[in-house]
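Here the structure is laid out as structure tokens; the discussion comes afterwards.
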Amino acid sequence: MATPSSCIYRAVVANVDLRLFQGEIISNLLRLRLDLASLGTSAPVMQKEVYEYAILLTQNCELDQDFKARNAKNKPDKLIPNILFCQLSTAEQLSGTVGGSDIWKRVRQNKDERYQFLQKVDVACDTLQQGLPELAIDFKRYFTIPTEEVYKRRDQ
């Protein structure tokens, strides 16, 4: 099961089957990627990138079909090779990078196509009793991780 240092904040309190859901916010998500300078060498080097917060964007129907096929070990055509995520920044971090106050005002009102603003989650509303700060999604900051790797990391 996930530890608080790499927890998944769920909108659903009792997620008995532990499948992934679109919109889940995952903290301290590790992503490994090839260091391009080591490409073609005899010892490729992997770089670690840790996202303080990431939100899962893959559609629920795809995640559900994948989960059922993965557990039943049949219907390999229903497996999805990668999960789509988007990096989350704290609102404070993002506010310093988006430009002028007019743009930031649109972001906070969710009237800018590139960004989505997420309200703070109070400790009392979080089953882990940690809460979340105000967050913002920059839809240009997306990435994928192999599905099997996401499940393995989540279950550690």
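Sequential numbering from 1 along the given sequence is applied to the chain's residues. Reckoned from all heavy atoms, side chains included, excluding hydrogens, waters and symmetry mates.
- Gln59 contributes atom CD, which lies 10.0 Å from atom CG of Leu84 (distance to the nearest 0.5 angstrom).
- For the atom pair Leu20 CG and Leu63 CG, the distance stands at 6.0 Å (nearest 0.5 Å).
- Although no hydrogens or angles enter the test, the distance criterion places no donor-acceptor pair under 3.5 Å between the side chain of Ser89 and the main chain of Leu94.
- Contact of the Arg70 side chain with the Glu148 side chain is registered, since non-hydrogen atoms from C-beta on lie closer than 4.5 Å.
- Residues Phe21 and Glu24 are in side-chain contact: their nearest non-hydrogen atoms beyond the backbone lie under 4.5 Å apart.
- Ile55 and Phe117 fall into different hydrophobic clusters, where Ile, Leu, Val, Met, Phe, Trp and Tyr side chains are chained together by heavy-atom contacts under 4.5 Å.
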message: Pair Glu62, Lys78 - check salt bridge (Lys or Arg N to Asp or Glu O under 4.0 Å), show working.
response: CA-CA 8 Å; Glu62 300 294 336; Lys78 300 295 184 187; over 6 Å; no

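- The closest donor-acceptor contact from the side chain of Asp122 to the backbone of Ala124 lies at 3.5 Å or more, if one exists at all.
- In the hydrophobic cluster analysis, where Ile, Leu, Val, Met, Phe, Trp and Tyr join through side-chain heavy atoms closer than 4.5 angstrom, Leu56 is grouped together with Tyr151.
- Residues Glu49 and Leu30 fail the side-chain proximity criterion, which asks for heavy atoms closer than 4.5 Å.
- In this structure, Tyr51 has its ring center at least 6.0 angstrom away from the ring center of Phe85.
- Smallest separation of non-hydrogen atoms from Phe143 and Cys86: CE2-C, 4.2 Å.
- By the 4.0 Å N-to-carboxylate-O rule, Asp102 lies too far from Arg106 to be salt-bridged with it.
- In this structure, Leu118 and Glu134 have side chains that are not in contact, with every pair of non-hydrogen atoms separated by 4.5 Å or more.
- In this structure, Asp35 contributes its side chain and Met46 its backbone to no donor-acceptor pair below 3.5 Å.
- Residues Leu39 and Leu32 are members of one and the same hydrophobic cluster, defined by side-chain heavy-atom contacts under 4.5 angstrom among Ile, Leu, Val, Met, Phe, Trp and Tyr.
- When side chains are defined from C-beta on, Asp64 does not count as touching Gln22, because their heavy atoms never get closer than 4.5 Å.
- Heavy-atom contacts from other residues, nucleotides or ligands closer than 6.0 Å to OH of Tyr142 number 12 or fewer.
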query: Stepwise, does the side chain to side chain contact (heavy atoms under 4.5 Å, CB included) test hold for Thr147 with Leu79?
result: CA-CA 9 Å; Thr147 306; Leu79 297 175; over 6 Å; no

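- Checked by atom type and distance alone, the side chain of Asn82 never pairs as donor or acceptor with a backbone atom of Thr144 at under 3.5 Å.
- At least one donor-acceptor pair under 3.5 Å links the side chain of Ser38 to the backbone N or O of Val45.
- No side-chain donor-acceptor contact under 3.5 Å links Gln87 and Asp138.
- Leu34 and Val50 end up in the same hydrophobic cluster when Ile, Leu, Val, Met, Phe, Trp and Tyr side chains are linked at under 4.5 Å.
- No side-chain N or O of Glu92 forms a donor-acceptor pair with one of Ser95 less than 3.5 Å apart.
- The pair Glu149-Arg153 meets the salt-bridge criterion, with a side-chain N (NZ, NE, NH1 or NH2) lying under 4.0 Å from an Asp/Glu carboxylate O.
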task: With side chain to side chain donor-acceptor pair (under 3.5 Å) as the test, would you mind laying out the steps for Gln116 and Asn110 before giving the verdict?
output: CA-CA 6 Å; Gln116 180 72 39; Asn110 284 321; 3.2 Å; yes

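- At a threshold of 4.5 Å between non-hydrogen side-chain atoms, the residues Ile103 and Val98 count as touching.
- A chain of hydrophobic side-chain contacts below 4.5 Å, direct or via other Ile, Leu, Val, Met, Phe, Trp or Tyr residues, connects Ile137 to Ile25.
- Taken to the nearest 0.5 Å, the CG atom of Asp66 stands 11.5 Å off from the SG atom of Cys61.
- Residues Ile145 and Leu29 have side chains in contact (heavy-atom distance under 4.5 Å, counting atoms from C-beta outward).
- Between Phe139 and Glu113 the shortest heavy-atom distance is CD1-O, 3.8 Å.
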message: Please determine whether side chain to side chain contact (heavy atoms under 4.5 Å, CB included) holds for the pair Tyr53 and Leu132, giving the CA-CA distance in whole Å, both sets of side-chain angles, and the decisive distance to 0.1 Å.
response: CA-CA 10 Å; Tyr53 300 106; Leu132 287 170; 3.4 Å; yes

